[in-house]
Amino acid sequence: PKDLEQETWHGYRLGVDAAQAHLGADAVFSITELESKLSGYVATADRLYYGFGRDHTFNEFIIRLWQSLLRSYSKRGAGPDAIADPGFLLHPQRRIKSEAELALIRKATGLSVAAHQRAQSFAKPGVYEFQVQAEIEHLFRLNGGEGPAYPSIVASGPNACVLHYTENNRQLAVGDLLLIDAGCSYGYYNGDITRTFPIGGERNPEQQAIYDIVLAAQRQAIAEVQSGKPFKNYHDTAVCVIVQGLMDLGLLVGDFEQIIKEEKYKPFYMHRTGHWLGLDVHDTGIYNREDLLEPNQLLTVEPGIYISPHIKLADDQPDVPAHWRGIGIRIEDDVLVTATGNEVLTAALAK
């Protein structure tokens with residue numbers, strides 16, 4: 001309802017009268033009437049669909065309402081006999097993007113690409129991570145985005161070995177790699193991109209060797225993002241490329257299959273290769289490895305290798321030499337499943 005005092009502090013409200021015309025609803029009631037109206041709406045339903053969330057008071061109301069309807073079921077012969085989570089119905093539908101959604105996603109990814117391009121031209125020795133972050137997020141808002149889709153990661157040198165690094169307070173130096181993981185939220189849909197590039201020169205041989213492995217892993221993983229292929233394929237492919245690459249460098253030793261089975265690669269690569277993307281950055285839906293990909297699903301492809309200064313491998317693995325430590329590299333793109341293959345929505349950003 002309208003409340004002039006609250007509006008003075010927190011902003012204007014439509015109010016009940018204006019809401020019907022402005023929002024195109026068939027009927028509008030005050031939120032204060034919800035409990036009384038809801039009882040009538042659900043009295044003859046076969047089931048209640050409700051996601052128990054953070055509003056504990058309303059959670060308790062739903063339980064009381066359901067119990068009340070159960071008690072009167074024998075008199076009416078109708079009513080909900082269970083409460084079910086709507087996510088199991090809604091999440092699979094939400095994974096399939098409509099053309100309207102894709103238009104917003106293309107805008108979000110386009111702004112994300114432009115912001116990364118700006119960051120790459122701005123990042124120089126002597127600049128601080130937070131200054132690069134400011135350039136990125138300035139471009140998001142300047143072009144109508146809600147802002148960053150998630151806390152921007154601007155991680156130079158060994159900071160890139162921290163997956164969700166957000167302090168962003170180190171000064172860039174010649175010889176650093178700078179890992180930027182940042183995306184724009186536009187119309188409540190999100191982009192999600194990572195690039196890793198050298199500051200003030202070229203990659204050194206160790207940085208280049210790791211970068212080549214990650215890039216090969218990403219390219220081969222993207223090739224597995226196709227309609228009709230199992231969801232698991234692109235992660236499994238990335239793992240195989242990374243393990244073989246690390247073995248070729250002598251950073252992992254032993255039997256290839258056994259290393260994968262026993263996950264001895266995880267000190268270098270501890271996360272999955274991607275996630276659903278949409279209204280949430282890590283969007284809703286079950287990550288069933290055997291599910292088949294479908295057209296208009298959108299996911300990230302983001303393999304990485306992180307050689308922490310403090311990395312510790314399994315007992316049967318060699319100690320990691322000092323000249324490899326402190327290298328962290330991730331490359332991430334947003335990939336749309338199509339009827340004939342895939343489309344990399346962030347392909348305009350060089351890697």
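All values reported here derive from a predicted model rather than from experimental measurement. Worth knowing before you read on, the calculation uses all heavy atoms, side chains too, and leaves out hydrogens, waters and symmetry mates.
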*asked:* Whether the side chain of Thr109 engages the backbone of Gly191 through a donor-acceptor N/O pair (distance < 3.5 Å, no angle test) should be reported.
replied: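 No, because the side chain of Thr109 does not come within donor-acceptor range (under 3.5 Å) of the backbone of Gly191.
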*Does Cys184 offer a backbone N or O that forms a donor-acceptor pair with the side chain of Ser112 under 3.5 Å?*
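Yes; judged by distance alone, with no hydrogens or angles, the pair exists.
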Any carboxylate oxygen within less than 4.0 angstrom of a Lys/Arg side-chain nitrogen, looking at [X] and [Y]?
| X | Y | result |
| --- | --- | --- |
| Lys261 | Asp255 | no |
| Glu343 | Arg106 | yes |
| Asp315 | Lys264 | no |

*Parallel, tilted or perpendicular for Trp276 and Phe231, by the 30°/60° rule?*
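Tilted.
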_Once you measure the plane-to-plane angle for Phe130 and Tyr128, does it fall in the parallel (<30°), tilted (30-60°) or perpendicular (>60°) bin?_
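It falls in the parallel class, under 30°.
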Output the distance between atom [atom1] ([X]) and atom [atom2] ([Y]), rounded to the nearest 0.5 Å.
| X | Y | atom1 | atom2 | answer |
| --- | --- | --- | --- | --- |
| Asp319 | Leu251 | CG | CG | 10.5 Å |
| Leu298 | Leu277 | CG | CG | 4.5 Å |
| Ile105 | Asp334 | CD1 | CG | 9.0 Å |
| Asn342 | Gln297 | CG | CD | 12.5 Å |

*Arg95 pairs by side chain to side chain contact (heavy atoms under 4.5 Å, CB included) with which of Thr284, Asp283, Asp291?*
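Between Arg95 and the candidates, side chain to side chain contact (heavy atoms under 4.5 Å, CB included) is satisfied uniquely by Asp291.
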_Assess the residue pair Asp181 and Tyr165 against the criterion (side-chain hydrogen bond (donor to acceptor under 3.5 Å, both in side chains)); give the C-alpha distance rounded to whole Å, side-chain angles, the decisive distance to 0.1 Å, and a yes or no._
CA-CA 10 Å; Asp181 187 339; Tyr165 171 78; over 6 Å; no
*Tell me whether the centres of the aromatic rings in Phe140 and His138 are closer together than 6.0 Å.*
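Ring-ring flag for Phe140/His138: false, centres at least 6.0 Å apart.
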*Under the 6.0 Å and 45° cation-pi test, does Arg203 pair with Tyr211?*
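Yes, Arg203 sits over the ring of Tyr211.
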*Looking only at heavy atoms, which two atoms of Ala217 and Ile242 are closest? And how far apart?*
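Result for this residue pair: CB-CG1, 3.9 Å.
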_Test item: Leu90 and Phe88 side chains (from C-beta on) under 4.5 Å apart, heavy atoms_ =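 A side-chain contact is absent here, since even the closest heavy-atom pair is not under 4.5 Å.
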